[in-house]
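Heads up, the thing below is written out as structure tokens.
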There are 2 protein chains.
Amino acid sequence: MGATKTEHFTDRQNKIAVLAKALGHPARIAIIEYLMKVNECICGDIVNELPLAQPTVSQHLKELKNAGIIKGNIEGNAVCYCLDEKNIAVLNTYFSDILQKVSKAKCC
Amino acid sequence: MGATKTEHFTDRQNKIAVLAKALGHPARIAIIEYLMKVNECICGDIVNELPLAQPTVSQHLKELKNAGIIKGNIEGNAVCYCLDEKNIAVLNTYFSDILQKVSKAKCC
DNA sequence: GTTTAATATTGCAATATTACGATTAATGTT
DNA sequence: AACATTAATCGTAATATTGCAATATTAAAC
């Protein structure tokens with residue numbers, strides 16, 4: 001085994017899991033926080049900011065992009081990255097809903 | 001390699017990553033959604049609900065508990081699980097803050 | 001068209017995750 | 001005490017992730 005049994009879960013459950021998984025690494029959280037600060041930037045800026053090699057940063061950016069957390073626009077020979085509002089809103093709504101439910105009912 | 005370089009990131013970044021990572025699997029999302037529905041339950045209930053074996057469910061519960069997403073209270077020979085409001089609130093605030101920042105400034 | 005700059009991709013080693021059968025531990029029931 | 005119930009742990013196979021050096025790709029600049 002070792003492979004996630006995605007086929008047993010709903011598309012929505014898989015979608016949320018993909019988004020959350022993309023955020024499940026401190027380097028990717030750091031990238032997001034940097035993007036929050038500077039609004040938009042290129043890969044090289046992040047390489048200068050983080051203690052990781054360029055291929056590693058590039059890989060993290062790819063995962064964030066595949067999950068839909070960030071967008072990348074080609075600008076000449078560089079790529080301009082920024083946060084993708086839509087999917088962050090999806091997560092925000094998701095956690096708001098959970099919190100609302102949870103806060104209503106205490107447990108064991 | 002293969003190990004995350006947690007020491008290069010802040011405690012807060014690592015904390016958020018741990019919480020997000022715990023949610024980065026559809027089975028764990030399904031567990032959370034089930035807990036939202038029934039408010040509290042024991043491991044066996046989830047085993048009946050999901051297409052996964054008991055040890056697998058137990059392992060997922062352990063990860064959710066270690067991350068602080070759920071709480072587990074011993075009740076006789078069973079363990080009563082429920083969502084942990086506090087850390088879900090942490091995530092909710094985190095994504096609200098990101099969304100607020102992002103919605104203010106369009107990018108490339 | 002050659003050089004430069006910015007990223008992406010490839011290949012690989014180290015480590016982590018996922019899943020489950022078998023077993024164990026702990027409490028409840030008879 | 002013997003047995004049943006519930007869940008955790010152990011062991012292990014399959015797969016995924018992380019990180020980087022080396023290389024490839026792409027587009028600007030000269």
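All values reported here derive from a predicted model rather than from experimental measurement. By convention in this document, chain letters (A, B, ...) are assigned in the order of the sequence lines, proteins followed by strands, and residues within each chain are numbered from 1.
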The side chain of [X] lies closest to which of these nucleotides: [options]?
X: B:A3; options: C:dA6, C:dA16, C:dT18; value: C:dA16
X: B:A53; options: C:dG21, C:dA6, D:dA8; value: C:dG21
X: A:P55; options: C:dA6, D:dT6, D:dC20; value: D:dC20

Self-check item: A:Q59: partners by side-chain hydrogen bond (donor to acceptor under 3.5 Å, both in side chains), with sequence neighbours left out
Solution: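 A:Q59 satisfies side-chain hydrogen bond (donor to acceptor under 3.5 Å, both in side chains) with no other residue.
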
For [X], which contact category applies under a 4.0 Å heavy-atom criterion: base, sugar-phosphate, or nothing?
X: A:L52; value: sugar-phosphate
X: A:I74; value: nothing
X: B:L61; value: nothing
X: B:E63; value: sugar-phosphate
X: A:K65; value: nothing

For [X] and [N], give me the distance from atom [atom1] to atom [atom2], rounded to whole Å.
X: B:D45; N: D:dT6; atom1: CG; atom2: C1'; result: 11 Å
X: B:K62; N: C:dA16; atom1: NZ; atom2: C1'; result: 14 Å
X: A:N73; N: D:dA27; atom1: CG; atom2: P; result: 15 Å
X: A:E7; N: C:dA19; atom1: CD; atom2: C1'; result: 12 Å
X: B:E49; N: D:dA7; atom1: CD; atom2: C1'; result: 18 Å
X: A:Q59; N: C:dA14; atom1: CD; atom2: P; result: 17 Å
X: B:I46; N: C:dA19; atom1: CD1; atom2: P; result: 15 Å
X: A:I42; N: C:dA8; atom1: CD1; atom2: C1'; result: 14 Å

According to a strict under-4.0 Å criterion, is [X] in side-chain N/O contact with OP1 or OP2 of [N]?
X: B:K21; N: D:dT17; value: no
X: A:Y81; N: C:dA6; value: no
X: A:H60; N: D:dG19; value: yes
X: B:T56; N: C:dT18; value: no
X: B:S58; N: D:dA7; value: no

Self-check item: Taking every non-hydrogen atom, the tightest pair across B:L35 and B:C82
Solution: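 Looking at all heavy atoms of both residues, the closest pair is CD2-CA, 4.0 Å.
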
Practice problem: Check whether the side chains of B:S96 and A:N92 place a donor and an acceptor atom closer than 3.5 Å, and report yes or no. | Solution: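 Result is yes, a qualifying pair exists.
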
Practice problem: Would you tell me whether B:N87 and B:K15 have side-chain atoms, one donor and one acceptor, within less than 3.5 Å of each other? | Solution: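 Yes, B:K15 and B:N87 have a side-chain donor paired with an acceptor closer than 3.5 Å.
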
Practice problem: List for me each residue that meets salt bridge (Lys or Arg N to Asp or Glu O under 4.0 Å) alongside A:E63, sequence neighbours excluded, and say none if there are none. | Solution: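 Testing A:E63 for salt bridge (Lys or Arg N to Asp or Glu O under 4.0 Å), a comparison that skips the adjacent residues, returns A:R28.
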
Exercise. Answer with yes or no whether A:N77 presents, from its side chain, a donor or acceptor under 3.5 Å of a partner atom in the base of D:dT26.
Key: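 Checked by distance alone, the answer is no.
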
Quiz item: Between the side-chain atoms of A:Q54 and the base atoms of C:dA6, is any donor-acceptor pair under 3.5 Å?
Solution: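 No pair found.
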
Quiz item: Once the angle between the rings of A:H25 and A:H60 is folded into 0 to 90°, is it parallel (under 30°), tilted (30 to 60°) or perpendicular (over 60°)?
Solution: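 Tilted.
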
Exercise. Would you mind telling me which residue lines up with the more 5' stretch of DNA chain C, B:H25 or A:C41, judged by nearest nucleotide?
Key: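 Taking each residue's closest nucleotide, the earlier one in sequence belongs to A:C41.
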
Self-check item: Upstream residue (5' side of DNA chain D) when B:G44 and A:E75 are each assigned their closest nucleotide
Solution: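 Its nearest nucleotide lies further toward 5', so the answer is B:G44.
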
